[in-house]
Protein chains: 2
Amino acid sequence: MSNNNEYMSLKLENQLCFPLYACSREVVKQYRPFLDELNLTYTQYITLMVLWEEKQICVKKLGEKLYLDSGTLTPVLKSLETKGYVTRQRSKDDERLLLVEITEQGEKLRELAKTVPTRVGCSIKLSSEEAMTLYNLLYKVLDGMK
Amino acid sequence: MSNNNEYMSLKLENQLCFPLYACSREVVKQYRPFLDELNLTYTQYITLMVLWEEKQICVKKLGEKLYLDSGTLTPVLKSLETKGYVTRQRSKDDERLLLVEITEQGEKLRELAKTVPTRVGCSIKLSSEEAMTLYNLLYKVLDGMK
DNA sequence: TGTAATTAAATTGAACTCAATTAAATTATA
DNA sequence: TATAATTTAATTGAGTTCAATTTAATTACA
């Protein structure tokens with residue numbers, strides 16, 4: 001009798017990756033109306049989230065936190081600079097490093113953004129226990145991969 | 001005493017969306033070496049996965065399954081057509097519908113692709129119970145959003 | 001010291017994603 | 001039946017993502 005496991009696993013629903021991919025995009029989509037109000041994209045928003053905590057950080061470290069590389073971050077940071085939310089300048093100690101720093105205007109944006117998570121949270125229909133479980137499993141996958 | 005919950009929730013780690021977004025991209029990245037062998041992108045691959053099950057489907061229905069719209073699918077389907085894996089033709093019954101059908105060559109690719117899930121699965125360091133829990137929670141979020 | 005190796009960011013090019021718009025076909029209804 | 005509303009794909013444009021390459025700076029070490 002033939003073994004169908006491999007063929008079975010080629011079903012969309014049988015792979016973890018697909019719901020992960022679809023769910024990620026759908027949840028990011030929930031942010032849009034709220035981020036539109038702030039004239040921010042999701043990528044710009046999470047970049048600012050790091051800077052609201054760190055004040056100053058180089059592109060490399062920022063990329064490690066966001067799992068993004070300079071190919072993605074360079075245009076995002078230039079755009080945030082144009083909007084007046086960050087400054088970009090080379091480190092005096094090591095000219096290879098580009099230091100990104102939040103501006104006063106960028107700090108102010110935090111006040112306007114602070115209700116976003118709660119508002120988006122409403123469309124994620126999980127109990128806090130389920131959300132915690134999901135959160136932990138996602139980081140387990142993420143940590144297990146590096 | 002002031003309430004800091006809203007500020008707290010602006011931390012990257014405090015939102016479910018970020019690990020979802022990062023995890024999705026990292027897991028998709030794991031597919032690359034295997035899909036490179038087949039000269040397929042991830043989006044092309046999941047499109048074929050649907051067609052391996054359905055044989056024929058219109059763009060609308062395909063988009064519902066993949067959570068993608070024609071803006072994304074049209075170029076993907078044209079590319080798969082160029083590679084000889086699918087055909088695209090308007091429905092006789094309703095000229096608005098574009099019917100996508102798997103070709104014999106597309107069917108053959110399934111044989112080559114069948115080991116991909118198992119090979120990628122190795123880099124997801126979860127027990128089968130954890131994987132099932134994660135899977136169910138992702139679909140709960142996804143289903144709760146439509 | 002001088003050269004090689006490494007590191008950080010920018011750039012390039014291909015592909016994806018999505019919102020908004022357009023065009024064509026179909027369906028509903030006045 | 002004629003017109004209006006709806007539906008389906010395609011198109012457009014902005015922004016993202018990533019691999020690969022390039023450039024400049026720093027570090028390692030012969």
Side-chain angles (χ1 to χ4, degrees), chain A residues 17-18 20-47 57-83 86 88-100, chain B residues 17-18 21-36 38-47 57-83 86 88-100:
Chain A
C17 187
F18 176 71
L20 211 41
Y21 160 84
C23 194
S24 163
R25 285 183 301 110
E26 292 304 307
V27 173
V28 168
K29 229 177 271 184
Q30 301 295 314
Y31 279 77
R32 198 175 209 268
F34 307 118
L35 296 184
D36 273 354
E37 293 173 10
L38 307 176
N39 187 31
L40 291 176
T41 63
Y42 183 72
T43 317
Q44 289 165 7
Y45 169 68
I46 58 175
T47 301
I57 193 172
C58 71
V59 174
K60 178 80 188 309
K61 287 241 161 49
L62 183 60
E64 281 165 11
K65 282 181 182 287
L66 298 177
Y67 294 82
L68 292 170
D69 68 9
S70 69
T72 303
L73 288 175
T74 296
V76 169
L77 294 171
K78 282 181 178 175
S79 158
L80 288 175
E81 186 183 42
T82 303
K83 295 181 189 185
V86 308
R88 299 163 65 244
Q89 55 188 345
R90 293 283 165 182
S91 164
K92 288 283 186 297
D93 296 342
D94 186 340
E95 290 275 349
R96 289 172 306 181
L97 275 54
L98 185 83
L99 297 178
V100 184
Chain B
C17 187
F18 177 70
Y21 159 84
C23 194
S24 163
R25 285 182 303 110
E26 292 303 307
V27 172
V28 168
K29 230 177 269 184
Q30 301 295 314
Y31 279 76
R32 199 176 208 267
F34 307 119
L35 295 183
D36 273 354
L38 307 175
N39 186 30
L40 290 176
T41 63
Y42 183 71
T43 316
Q44 289 166 7
Y45 169 68
I46 59 175
T47 301
I57 193 172
C58 72
V59 174
K60 178 81 188 310
K61 286 240 161 50
L62 182 60
E64 281 166 11
K65 282 181 182 287
L66 297 177
Y67 295 82
L68 292 170
D69 69 8
S70 68
T72 302
L73 288 175
T74 297
V76 168
L77 294 170
K78 282 181 178 174
S79 157
L80 288 175
E81 186 183 41
T82 303
K83 294 180 190 185
V86 307
R88 297 164 65 244
Q89 54 189 344
R90 293 282 164 182
S91 164
K92 287 283 187 297
D93 296 341
D94 186 339
E95 289 275 350
R96 290 172 304 181
L97 275 54
L98 184 83
L99 298 178
V100 184

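Protein chains get the first letters and strands the later ones, always in sequence-line order, with residue 1 at the start of each.
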Worksheet item: Could you run down nucleotides 9-18 of chain C 5' to 3' and tag each one B, S or - for protein heavy-atom contact under 4.0 Å?
Response: BBB---SSBB
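Comparing the axis of the opening five pairs of the helix from dT1(C)-dA30(D) to dA30(C)-dT1(D) with that of the closing five pairs yields an angle of 10°, rounded to 10°.
Taking a heavy-atom distance under 4.0 Å as the criterion, the stretch of DNA chain D touched by chain B extends 5' to 3' from dT7(D) to dA19(D).
Not counting sequence neighbours, Arg90(B) has no partner by the side chain to side chain donor-acceptor pair (under 3.5 Å) test. The side chain to side chain donor-acceptor pair (under 3.5 Å) check on Gln89(A) picks up nothing, with sequence neighbours excluded. Contacts of Lys61(A) classified as salt bridge (Lys or Arg N to Asp or Glu O under 4.0 Å), with partners at least two apart in sequence or in another chain: none. Every residue meeting the salt bridge (Lys or Arg N to Asp or Glu O under 4.0 Å) condition with Lys60(A), not counting sequence neighbours, appears here in chain and number order: Glu64(A). Every residue meeting the ring pair (Phe, Tyr, Trp, His ring centres under 6.0 Å) condition with Tyr31(A), not counting sequence neighbours, appears here in chain and number order: Tyr42(A), Tyr45(A). Every residue was checked against the side chain to side chain donor-acceptor pair (under 3.5 Å) condition with Glu95(B), not counting sequence neighbours, and none meets it. In this structure Leu99(B) satisfies the side chain to side chain contact (heavy atoms under 4.5 Å, CB included) test together with Gln56(B), Cys58(B), Ser91(B), sequence neighbours excluded. With sequence neighbours excluded, the residues that form a side chain to side chain donor-acceptor pair (under 3.5 Å) with Asp36(A) are Arg32(A).
For residues 67-80 of chain B, every residue pair satisfying the side-chain hydrogen bond (donor to acceptor under 3.5 Å, both in side chains) rule, not counting sequence neighbours, is listed here: Gln44(B)-Ser79(B).
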